[in-house]
2 protein chains.
Amino acid sequence: MRLSTKGRYAVTAMLDLALNGVDGPVTLAEISENQGISLSYLEQLFASLRAKELVRGVRGPGGGYYLGRNADDISIANIICAVDEWVEFTRCGGRKNCSGGERCLTHSLWDDLSIEIFDFLTKISIGDLIRRGERKKADKAAHLSVVSDEDSRAA
Amino acid sequence: MRLSTKGRYAVTAMLDLALNGVDGPVTLAEISENQGISLSYLEQLFASLRAKELVRGVRGPGGGYYLGRNADDISIANIICAVDEWVEFTRCGGRKNCSGGERCLTHSLWDDLSIEIFDFLTKISIGDLIRRGERKKADKAAHLSVVSDEDSRAA
DNA sequence: TTAAAAGTTGACTAAATTACTTGGTTACTG
DNA sequence: CAGTAACCAAGTAATTTAGTCAACTTTTAA
């Protein structure tokens, strides 16, 4: 498991796509502007994302990128995996005296943890994140106005 | 939030300490041997860990390291934070037109996620990991032999 | 009390990764 | 066909990771 700024860039770019892609595709130039990431670096990241079909590109004028599928069907783990390679899991394959020794024991404990984190991130989708953000914003607004419309209140 | 091989090294080293530190301190040389990490790199990592009082060093012949406190009171988040600096949270402080724009929105969504991951890792301690590993081993052993004789045999 | 063992520290370096740059090509639109 | 924006590939600067080297302190034992 790996979690770096690269992964963060990918996730925020995907969020940008989900938020702004509702009417027409979003160009990398716009994302670059919005997120302060260089265009060419974005191209690299999106090449990885496209390979995993997390985004869909439309060429030509008026083109840009869409999400590859519904925001609820794209997990954070999907995105991180796409850009961060992540076959990291302390493979142990071939390493000296790894079987039976302390090394392999601690490694397997780490792998257990890594899998847990992965599962955790699999259960969170882009859609979830956006809804949570909206709810939080709504909470704040409701807190400001005396009239508590709807329900909205959640920790 | 950040999760790199550096963090993994730190966590596995701490696991090593927890497992082998029951009778007397563990030297970095032993951990270096067990984990296949260079001694000097371990020294750097342990300098960070010691600064956060996650480990306690004993000098002189027969010396080595102990855990700084009970294994149940050391979370994975503690360890990762100690070695990975992690004040990463897309601070946004001073960045151009970040307030009100798309950038700040996606950043705050990422920060929410980052905090969630942090909370998740705060709830898992070194002690937890070890117990889970033992339970898993016990499960496997019980599954293999009808008569559950101790444990001993591990892959 | 001196020497050796083990931890502690800091500065320096090689390798890897990240982030970015350049310079194209291809596909589509008007 | 001209312009836009995705796509592609190679190279590079900056940063981080991982490791090395060398000096030094504390503790113990001869």
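Just so it is clear: chains get the letters A, B, ... in the order the sequence lines come, proteins before strands, and each one is counted from 1. Hydrogens, waters and symmetry mates are skipped; everything else that's a heavy atom, side chains included, is used.
One can place CD1 of A:I37 at 12 Å from C1' of C:dC20, the figure rounded to the nearest angstrom. Distance CZ (B:F46) to P (C:dG10): 18 Å, rounded to an integer number of Å. Nucleotide C:dT17 holds its P atom 16 Å from the CG atom of B:L3, rounded to whole Å. Residue A:D84 contributes atom CG, which lies 10 Å from atom C1' of C:dT17 at whole-angstrom precision. If you take CG of A:L42 and P of D:dC7, they are 13 Å apart, rounded to a whole angstrom. If you take CD of A:E43 and P of D:dA9, they are 12 Å apart, rounded to a whole angstrom. The interatomic distance linking A:L49 (CG) with D:dC8 (P) rounds to 14 Å, in whole Å. Between A:Q35 atom CD and C:dA19 atom C1' the separation is 15 Å, expressed in whole Å.
Counting non-hydrogen atoms under 4.0 angstrom, A:L28 reaches the backbone sugars and phosphates but no base. Counting non-hydrogen atoms under 4.0 angstrom, A:S40 reaches a base of the nucleic acid.
Residues A:G60 and A:Q44 both approach DNA chain C. Their nearest nucleotides, taken by heavy-atom distance, put A:Q44 toward the 5′ side. The residue among B:S4 and A:G62 whose nearest nucleotide of DNA chain D is located toward the 5' end is A:G62.
Within 6.0 Å of CD in B:E53 there are 12 or fewer heavy atoms belonging to other residues, nucleotides or ligands.
For B:K6, the side-chain atoms get nearest to D:dT17 when compared with the rest of D:dT17, D:dA6, C:dT18. Checking D:dT17, C:dT9, C:dT21 against every side-chain atom of A:S38, the shortest atom distance belongs to C:dT21. Among the nucleotides C:dT18, D:dA18, C:dT8, the one closest to the side chain of B:T5 is D:dA18. Relative to the side chain of A:P61, the nucleotides C:dT18, D:dT4, D:dG19 differ in distance, and D:dT4 lies closest.
Here the closest non-hydrogen pair linking A:T12 and B:T106 is O-CG2, 3.9 Å.
A sub-4.0 Å separation between OP1 or OP2 of C:dA19 and a side-chain N or O of A:Y41 is present. Phosphate contact (OP1/OP2 of D:dC7, side-chain N/O of A:R59, threshold under 4.0 Å): absent.
Between A:K136 and A:D139 no salt bridge is recorded (no basic side-chain N to carboxylate O distance below 4.0 Å).
A donor-acceptor pair shorter than 3.5 Å can be found between the side chains of A:S125 and A:D128.
Relative orientation of the B:Y41 and B:Y9 rings is perpendicular, given thresholds of 30° and 60° on the angle between their planes.
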